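The structure appears right after this line, and notes come after that.
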2 protein chains.
Amino acid sequence: MHIDPIDIVKICKECGLRLTGQRRVIVELLQQASDHPDALELHRRATKVDPRIALSTIYRTLSLLEEKGVLERHVFGSGPARFERADAEHHDHLIDVESGQVVEFRSDEIERLQQQIAREHGFEIISHRLEIYVRPLQRRKRKS
Amino acid sequence: MHIDPIDIVKICKECGLRLTGQRRVIVELLQQASDHPDALELHRRATKVDPRIALSTIYRTLSLLEEKGVLERHVFGSGPARFERADAEHHDHLIDVESGQVVEFRSDEIERLQQQIAREHGFEIISHRLEIYVRPLQRRKRKS
DNA sequence: TTCCCTGCAAAGCCTTTGCATGATT
DNA sequence: AATCATGCAAAGGCTTTGCAGGGAA
């Protein structure tokens, strides 16, 4: 499965936004990220490239890119918002509460069931989120 | 479907907690609530019964009752935490983004699929949340 | 040159916490 | 009487915002 890179040049051109160094850096970092970093983590990574970049710029850029549909914002548990590239194909998340690791999955069947449930209640779906909080499976039971 | 009332007397007795007027009031309000109020809203309602009750007491009591398994905490979208009685049977939520109304539903099939997905990834489920953000269905298309 | 964008600091929202007072056991 | 719970106010985390200076078009 190939994912097109985020074309920040094109996005800025189309939206009449300015192509700043900060935006380039943030997009590049999100491009590379295989995890789901939050604003602070992104700021840590960004300052390694450009030490002058401000946390507020991170927040502003993330909101902007989310608004343009380039990024998705997730809030797991009661933690800070975490971001990832908007995928062409929607997916949901398994969150390992012990390690904090996030695993993506997709179930067409669950998607279908949701559509059905919404329709039965007289609604149409705008968006949804499904988060499954998990821990690694124990093969054998043992004494605690 | 009948739901047993929250027995705050019993809960306090069992947990070695004190049965205060504030706790009675908060539990009583949650008992009656058919919506999913947040702490501030609960405080508004509580002060009508006892004007001296503090917001921090609301928060403390809500956390306490959540911890005891009496209440469930939900965070919809980016809003404040909202609370409801813990039901014997788990359910998920449809959130009408236009009215803010919350509709509960349950799908055994979705529950089953989640179990299966978690297992396939080598995890066991601790908890999960499924929120479907919706708007009322339009019967006919019309010009905007 | 124009205006958008940034950095900085301050404020905002929701929630938690420290501490002295007050209530329940 | 001994604790535990409360009220009040302050602080805490995350995020947004106001504003003046800086940079892209």
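Here the structure is a predicted model, which is why all the values come from computation and not from measurement. Just so it is clear: chains get the letters A, B, ... in the order the sequence lines come, proteins before strands, and each one is counted from 1.
A 4.0 Å heavy-atom criterion places the boundary nucleotides of DNA chain D facing chain A at D:dC14 to D:dA25, written 5' to 3'.
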**Item:** side chain to side chain contact (heavy atoms under 4.5 Å, CB included) evaluation trace for B:Phe123 with A:Val103
**Value:** CA-CA 11 Å; B:Phe123 292 115; A:Val103 178; 4.1 Å; yes
**Request:** Applying salt bridge (Lys or Arg N to Asp or Glu O under 4.0 Å), run through B:Lys10 and B:Asp4 and close with a yes or a no.
**Result:** CA-CA 13 Å; B:Lys10 188 173 154 204; B:Asp4 292 333; over 6 Å; no
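Considering only residues two or more places apart in sequence or on other chains, B:Glu131 meets the salt bridge (Lys or Arg N to Asp or Glu O under 4.0 Å) condition with A:Arg129, B:Arg129. A:His74 meets the ring pair (Phe, Tyr, Trp, His ring centres under 6.0 Å) test with A:Phe76, A:His93; sequence neighbours excluded. Contacts of B:Glu66 classified as salt bridge (Lys or Arg N to Asp or Glu O under 4.0 Å), with partners at least two apart in sequence or in another chain: B:Arg73. Here B:Arg112 pairs with nothing under the salt bridge (Lys or Arg N to Asp or Glu O under 4.0 Å) rule; sequence neighbours left out. Remark: A:Glu124 pairs with B:Arg135 by the salt bridge (Lys or Arg N to Asp or Glu O under 4.0 Å) rule, at least two apart or across chains.
Per the geometry, CD1 belonging to A:Ile53 stands 11 Å off C1' belonging to C:dG7, to the nearest Å. One can place CD1 of A:Ile58 at 10 Å from P of C:dT6, the figure rounded to the nearest angstrom. Computed from coordinates, the A:Tyr59 OH to C:dA11 P distance equals 19 Å when rounded to whole Å. The nearest whole Å value for the distance from the NE2 atom in B:His43 to the C1' atom in C:dC13 is 16 Å.
With contacts defined as side-chain heavy-atom distances shorter than 4.5 Å, the pair B:Ile8/B:Glu28 does not qualify. Contact annotation: the side chain of B:Leu40 never approaches that of B:Pro80 to less than 4.5 Å [non-hydrogen atoms, C-beta and beyond].
For the segment residues 65-86 of chain A, the set of residues with a heavy atom within less than 4.0 Å of an atom of DNA chain C is empty.
Residue B:Val75 shares its hydrophobic cluster (ILVMFWY side chains chained together at separations under 4.5 Å) with no other residue.
Residue pairs meeting the salt bridge (charged side-chain N to carboxylate O under 4.0 Å, His left out) criterion with at least one member in residues 102-111 of chain B, sequence neighbours excluded: B:Glu89-B:Arg106, B:Arg106-B:Asp108.
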Side-chain atoms of residues 47-59 of chain B: list all donor-acceptor pairs with protein atoms under 3.5 Å, sequence neighbours left out, distances to 0.1 Å.
unit_1, atom_1, unit_2, atom_2, d
B:Thr47, OG1, B:His43, O, 3.0
B:Thr47, OG1, B:Arg44, O, 2.9
B:Asp50, OD1, B:Arg52, N, 3.0

**Request:** Determine, for nucleotides 19-25 of chain C in 5'-to-3' order, which nucleotides have protein heavy atoms under 4.0 Å from the base (write B), from only the sugar-phosphate (write S), or from neither (write -).
**Result:** ----BBS
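End-to-end axis angle for the helix from C:dT1-D:dA25 to C:dT25-D:dA1, using five pairs per end and rounding to 10°, comes out at 30°.
When all heavy atoms of A:Arg45 and A:Ala33 are compared, the closest pair comes out as NH1-CB, 3.9 Å.
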